[in-house]
Student: 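Pasting a structure here, questions to come.
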Amino acid sequence: MVRIAFYKGEGNIINRIVRRWSGSPYSHAELIMPDNKTWIGISPFLNSEVFARNVLKDPNLNLGDWDFLNFDITDEQVSVIMEFYEQTKGNRYDWIGMLLSQMVPFVIKQEKKWYCSEWIAYALRIAGVFDWRLIKIYDQYDLSPGTLYRLACEAQIYNESKKINDDSANK
């Protein structure tokens with residue numbers, strides 16, 4: 001299982017600006033790997049590049065500041081996510097794409113640059129956790145944490161109904 005962690009804590013002025021601008025309670029997101037201690041993300045507040053961190057070593061982490069969505073995944077999907085991580089590790093934060101995507105109705109994407117929720121959406125889409133027929137990332141000009149939360153909820157519903165249909169077909 002992987003989890004998406006959505007930050008809703010007070011944070012700083014930038015967190016408040018992101019929440020207000022996007023109309024969402026969330027200002028940041030990270031992907032929690034199956035070991036439950038490795039969080040992958042990109043944050044302008046930490047080191048402004050795609051990185052993995054061991055949250056067990058973070059004395060400031062307050063789990064009450066986060067909401068979580070869970071996704072059952074296969075070992076192969078974990079491998080795909082980790083391969084995507086290895087290819088993007090160290091890529092820088094996409095300030096221009098993040099800001100402009102909130103102002104114009106089309107996708108702004110800089111090569112080798114990401115913002116938190118965008119990276120997670122792509123990782124989960126590439127791994128097949130988000131079905132491309134439902135979650136059309138290429139059609140989303142706004143991939144803010146709030147948008148990722150909405151898309152992830154849709155993916156959970158779709159994945160659950162697909163699992164029920166698959167189970168019924170196998171009986």
Side-chain angles (χ1 to χ4, degrees), residues 1-9 11-15 17-19 21-22 24 26-63 65-71 73-102 106-130 132 135-152 155:
M1 174 177 65
V2 294
R3 302 169 81 193
I4 307 174
F6 294 92
Y7 184 68
K8 62 182 180 183
N12 60 28
I13 186 72
I14 296 175
N15 294 105
I17 290 170
V18 169
R19 280 192 288 271
W21 188 273
S22 65
S24 165
Y26 306 113
S27 60
H28 179 62
E30 295 191 30
L31 187 63
I32 305 173
M33 298 309 292
D35 67 4
N36 246 354
K37 64 181 180 182
T38 304
W39 291 33
I40 300 175
I42 181 167
S43 171
F45 312 119
L46 298 174
N47 63 1
S48 292
E49 61 185 39
V50 176
F51 70 103
R53 64 184 177 130
N54 181 339
V55 296
L56 300 179
K57 297 179 180 177
D58 185 350
N60 298 318
L61 181 69
N62 177 356
L63 293 178
D65 287 341
W66 300 82
D67 284 338
F68 303 93
L69 292 177
N70 303 328
F71 291 87
I73 64 171
T74 65
D75 290 341
E76 182 180 343
Q77 289 172 311
V78 172
S79 294
V80 171
I81 291 169
M82 291 310 296
E83 184 178 339
F84 181 65
Y85 167 70
E86 288 300 326
Q87 288 182 2
T88 58
K89 180 172 53 175
N91 284 181
R92 304 297 295 170
Y93 194 83
D94 188 5
W95 280 106
I96 293 171
M98 190 268 298
L99 293 171
L100 288 179
S101 71
Q102 300 298 310
F106 48 85
V107 176
I108 305 291
K109 176 73 184 114
Q110 291 193 85
E111 186 177 348
K112 296 187 178 186
K113 293 194 176 191
W114 302 91
Y115 48 97
C116 62
S117 44
E118 176 192 38
W119 188 92
I120 293 168
Y122 275 82
L124 294 178
R125 169 48 211 109
I126 290 166
V129 179
F130 285 179
W132 70 271
I135 308 297
K136 294 175 174 56
I137 293 171
Y138 57 82
D139 209 19
Q140 300 289 323
Y141 62 89
D142 168 21
L143 278 172
S144 67
T147 300
L148 177 61
Y149 185 84
R150 179 182 52 78
L151 293 173

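Computation of the quantities below employed the complete heavy-atom set of this structure, encompassing side-chain atoms and omitting hydrogens, waters and symmetry-equivalent molecules.
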Student: Step by step, would you call N36 with R3 a side-chain contact (heavy atoms from CB on, under 4.5 Å)?
Tutor: CA-CA 8 Å; N36 246 354; R3 302 169 81 193; 3.7 Å; yes
Student: Tell me the closest heavy-atom pair linking N91 and K112, and the distance in Å.
Tutor: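 N91 and K112 have their closest heavy atoms at CB-O, 3.2 Å.
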Student: Got a second to check how far E76's CD is from E83's CD, nearest 0.5 Å?
Tutor: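 If I round to the nearest 0.5 Å, the distance is 10.5 Å.
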Student: Would you say CD of E86 has more than 12 non-hydrogen atoms from neighbouring residues, nucleotides or ligands within 6.0 angstrom?
Tutor: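 Atom CD in E86 is packed in, count exceeds 12.
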Student: W39 and ring-ring contact (aromatic ring centres under 6.0 Å, His included): which partner among W66, F51, Y7?
Tutor: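 Result for ring-ring contact (aromatic ring centres under 6.0 Å, His included) with W39: W66.
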Student: How close do P145 and H28 get, heavy atom to heavy atom, and via which atoms?
Tutor: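 Closest approach of P145 to H28: CG-N, 3.6 Å.
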Student: Do S48 and I42 have side chains that get closer than 4.5 Å, going by heavy atoms?
Tutor: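 Side chain of S48 against side chain of I42, heavy atoms only: no contact under 4.5 Å found.
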Student: Measuring from M1:CE to N70:CG, what's the distance to the nearest 0.5 Å?
Tutor: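 Between M1 CE and N70 CG, I get 4.5 Å after rounding to 0.5 Å.
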Student: About how many Å separate OH of Y26 and OG of S144, when rounded to the nearest 0.5 Å?
Tutor: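 With rounding to 0.5 Å, OG (S144) is 12.0 Å from OH (Y26).
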Student: If you look at every heavy atom in A121 and L143, which pair is closest and at what distance?
Tutor: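 Reported closest heavy-atom pair: CB-CD2, 4.2 Å.
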Student: Roughly how far apart are L151 CG and S117 OG, rounded to 0.5 Å?
Tutor: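 Rounded to the nearest 0.5 Å, the CG-OG separation comes out at 9.5 Å.
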Student: Can you name the nearest heavy-atom pair linking S27 to R19, along with the distance?
Tutor: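 Minimum heavy-atom contact is OG-NH1, 3.1 Å.
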Student: Nearest heavy-atom pair of F130 and R125: which atoms, and what distance?
Tutor: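 Nearest pair, atom of F130 first, then R125: O-CD, 3.6 Å.
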Student: Minimum heavy-atom separation for V80 to A127, with atom names?
Tutor: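 In terms of heavy atoms, the two residues are closest at CG1-CA, 3.6 Å.
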Student: Report the residue from V129, L124, I32 that forms a side chain to side chain contact (heavy atoms under 4.5 Å, CB included) with I4.
Tutor: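 Single side chain to side chain contact (heavy atoms under 4.5 Å, CB included) partner of I4 among V129, L124, I32: L124.
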Student: Yes or no on side-chain contact (heavy atoms from CB on, under 4.5 Å) for M33 and I81, after CA distance, side-chain angles and deciding distance?
Tutor: CA-CA 9 Å; M33 298 309 292; I81 291 169; 3.9 Å; yes
Student: Do other residues, nucleotides or ligands put more than 12 heavy atoms under 6.0 Å from the CG atom of D75?
Tutor: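 No, the 6.0 Å shell around CG holds no more than 12 heavy atoms from other groups.
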Student: Start with the C-alpha gap between E30 and C116, add the side-chain angles, then the distance that decides, and say whether side-chain contact (heavy atoms from CB on, under 4.5 Å) holds.
Tutor: CA-CA 7 Å; E30 295 191 30; C116 62; 5.9 Å; no
Student: When rounded to the nearest 0.5 angstrom, what is the spacing between CD1 in I40 and NZ in K89?
Tutor: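 One finds 10.0 Å between CD1 of I40 and NZ of K89.
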Student: Tell me whether Q87 contacts the main-chain N or O of F84 through its side chain, where contact means a donor paired with an acceptor under 3.5 Å.
Tutor: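 It does not hold such a pair.
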Student: Is it true that the side chains of T88 and W119 contain a donor and an acceptor less than 3.5 Å apart?
Tutor: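 Per modelled atom types, T88 and W119 side chains form a pair under 3.5 Å.
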